[in-house]
Amino acid sequence: MSIAFDMARKAPVQDEAFRSEYLQALRLIERLHRLLLDVIKDEFDRQGGAELNSVQALLLYNIGESELTAGELKTRGYYLGSNVSYNLKKLVDMGYIHYKRSDTDRRSVRVSLTDKGLDACDVVSKLYHRQLGSVQSVGEVNTDDIRGLNKALVRLERFWSDQIRYRL
């Protein structure tokens, strides 16, 4: 821990170009997530599934065929400004999720999708699949672009996690 802290303290001040690019990347990450949620909401609106909001649809997609705890679900995705427990309760009430207390730990709850939940999950899956068909030709984003983006985002995620973990 102290090595990482010392490295951060001794890190040279970056030039203005790097600072500008970093701040732009932060804005883009936030904006792109919001835009993804808008794209998902638009897809559900088109198909008449307007009772779900985009965060709930993304939760359903991230559960998929699995049976998870709320904690496991939080680690699989980021749900912009939302309370995962609240949304899970709403999804149970609307009939999208099965809710089952653990036999061994009564505090722990496991969730899985109902048939209705699986149908909603399928809407997001088909949306992503449809986008895969045009992101290269229309969006001009190729495999190398995505590979480089993913590599940079993983490094950024590790950096931010270390900032929290080691209080840098």
Side-chain angles (χ1 to χ4, degrees), residues 25-139 141 143 145-167:
L26 297 180
R27 287 189 295 271
L28 281 170
I29 290 167
E30 183 180 3
R31 222 169 58 216
L32 286 171
H33 181 70
R34 286 186 181 151
L35 194 54
L36 171 64
L37 292 176
D38 289 345
V39 167
I40 291 170
K41 180 62 176 157
D42 183 62
E43 186 70 12
F44 276 89
D45 288 347
R46 288 182 202 190
Q47 296 196 19
E51 78 174 331
L52 282 177
N53 68 40
S54 55
V55 171
Q56 291 165 341
L58 202 51
L59 278 166
L60 294 172
Y61 178 79
N62 284 324
I63 294 170
E65 299 283 336
S66 303
E67 184 178 278
L68 305 167
T69 65
E72 291 168 329
L73 190 55
K74 287 177 193 176
T75 64
R76 287 190 175 196
Y78 173 67
Y79 307 103
L80 188 66
S82 71
N83 180 320
V84 173
S85 298
Y86 170 81
N87 278 306
L88 287 175
K89 183 181 179 329
K90 294 286 287 182
L91 289 166
V92 168
D93 293 346
M94 291 188 290
Y96 288 94
I97 289 183
H98 293 293
Y99 181 91
K100 180 180 138 190
R101 289 224 174 263
S102 170
D103 294 332
T104 56
D105 181 359
R106 301 302 295 161
R107 297 168 297 169
S108 179
V109 175
R110 301 204 58 84
V111 295
S112 60
L113 300 186
T114 63
D115 287 341
K116 187 177 178 182
L118 288 169
D119 290 343
C121 175
D122 195 44
V123 170
V124 177
S125 183
K126 286 178 180 174
L127 168 66
Y128 289 170
H129 184 75
R130 190 174 72 240
Q131 289 177 343
L132 280 170
S134 62
V135 73
Q136 287 182 306
S137 59
V138 177
V141 178
T143 303
D145 294 333
I146 295 294
R147 189 175 291 123
L149 175 65
N150 287 339
K151 187 176 181 180
L153 289 173
V154 165
R155 287 177 177 170
L156 194 54
E157 179 184 33
R158 188 178 322 122
F159 173 75
W160 286 343
S161 294
D162 288 350
Q163 295 291 299
I164 296 165
R165 183 178 299 118
Y166 302 120
R167 297 178 183 242

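One is the number of the first residue; the rest follow in order along the sequence. Model, not experiment: these values are computed from the prediction.
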Table please: side-chain donor-acceptor pairs of residues 113-120 below 3.5 Å, with sequence neighbours left out.
{"from": "T114", "atom 1": "OG1", "to": "G95", "atom 2": "O", "distance (Å)": "2.6"}
{"from": "T114", "atom 1": "OG1", "to": "Y96", "atom 2": "O", "distance (Å)": "3.2"}
{"from": "T114", "atom 1": "OG1", "to": "K116", "atom 2": "N", "distance (Å)": "3.3"}
{"from": "T114", "atom 1": "OG1", "to": "G117", "atom 2": "N", "distance (Å)": "3.1"}
{"from": "K116", "atom 1": "NZ", "to": "E51", "atom 2": "OE2", "distance (Å)": "3.3"}
{"from": "K116", "atom 1": "NZ", "to": "M94", "atom 2": "O", "distance (Å)": "2.8"}

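- Looking at D45 and K41, a side-chain N of the basic residue comes within less than 4.0 Å of a carboxylate O on the acidic one, giving a salt bridge.
- Residues satisfying the side chain to side chain donor-acceptor pair (under 3.5 Å) criterion with D42, sequence neighbours excluded, are R46.
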Legend entry - From CA spacing to verdict: side-chain contact (heavy atoms from CB on, under 4.5 Å), Y99, L88: CA-CA 9 Å; Y99 181 91; L88 287 175; 5.9 Å; no
Inset, instruction - Could you check L58 against H33 for side-chain contact (heavy atoms from CB on, under 4.5 Å), going step by step and ending with a plain yes or no? - result: CA-CA 11 Å; L58 202 51; H33 181 70; 4.3 Å; yes
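- One distance of note links CG of L73 with CD1 of I63; it measures 5.0 Å at 0.5 Å rounding.
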Inset, instruction - Quick one: do W160 and R158 satisfy side-chain contact (heavy atoms from CB on, under 4.5 Å)? Show the steps, please. - result: CA-CA 6 Å; W160 286 343; R158 188 178 322 122; over 6 Å; no
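- Taking SG from C121 and CD from E65, the interatomic distance works out to 7.0 Å, rounded to the nearest 0.5 Å.
- Rounding to the nearest 0.5 Å places CD of E157 at 10.5 Å from CG of D162.
- Contact of the N87 side chain with the N53 side chain is registered, since non-hydrogen atoms from C-beta on lie closer than 4.5 Å.
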Legend entry - Chi angles and distances behind the side-chain contact (heavy atoms from CB on, under 4.5 Å) call for L60, V123: CA-CA 10 Å; L60 294 172; V123 170; over 6 Å; no
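- A distance of 11.5 Å separates CD of Q47 from CG of L52, quoted to the nearest 0.5 Å.
- The CD1 atom of I146 sits 6.5 Å away from atom CG of N150, with the distance rounded to the nearest 0.5 Å.
- A salt bridge is absent between R34 and D38: the closest approach of a Lys/Arg side-chain nitrogen to an acidic carboxylate oxygen does not fall below 4.0 angstrom.
- For the pair L156 and I29, the minimum side-chain heavy-atom distance is below 4.5 Å.
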Which atom pairs, donor and acceptor, lie under 3.5 Å between side-chain atoms of residues 126-134 and protein residues at least two apart or in another chain?
{"from": "K126", "atom 1": "NZ", "to": "D122", "atom 2": "OD2", "distance (Å)": "3.2"}
{"from": "R130", "atom 1": "NH1", "to": "E43", "atom 2": "OE2", "distance (Å)": "3.2"}
{"from": "R130", "atom 1": "NH2", "to": "E43", "atom 2": "OE1", "distance (Å)": "2.9"}

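- Of all heavy-atom pairs between E67 and R110, the closest is O-NH2, 2.7 Å.
- Taking CZ of F44 as the start and OG of S54 as the end, the distance is 9.5 Å to the nearest 0.5 Å.
- Evaluated for a side chain to side chain contact (heavy atoms under 4.5 Å, CB included) with L59, the options I97, V84, V111 yield exactly one hit, V84.
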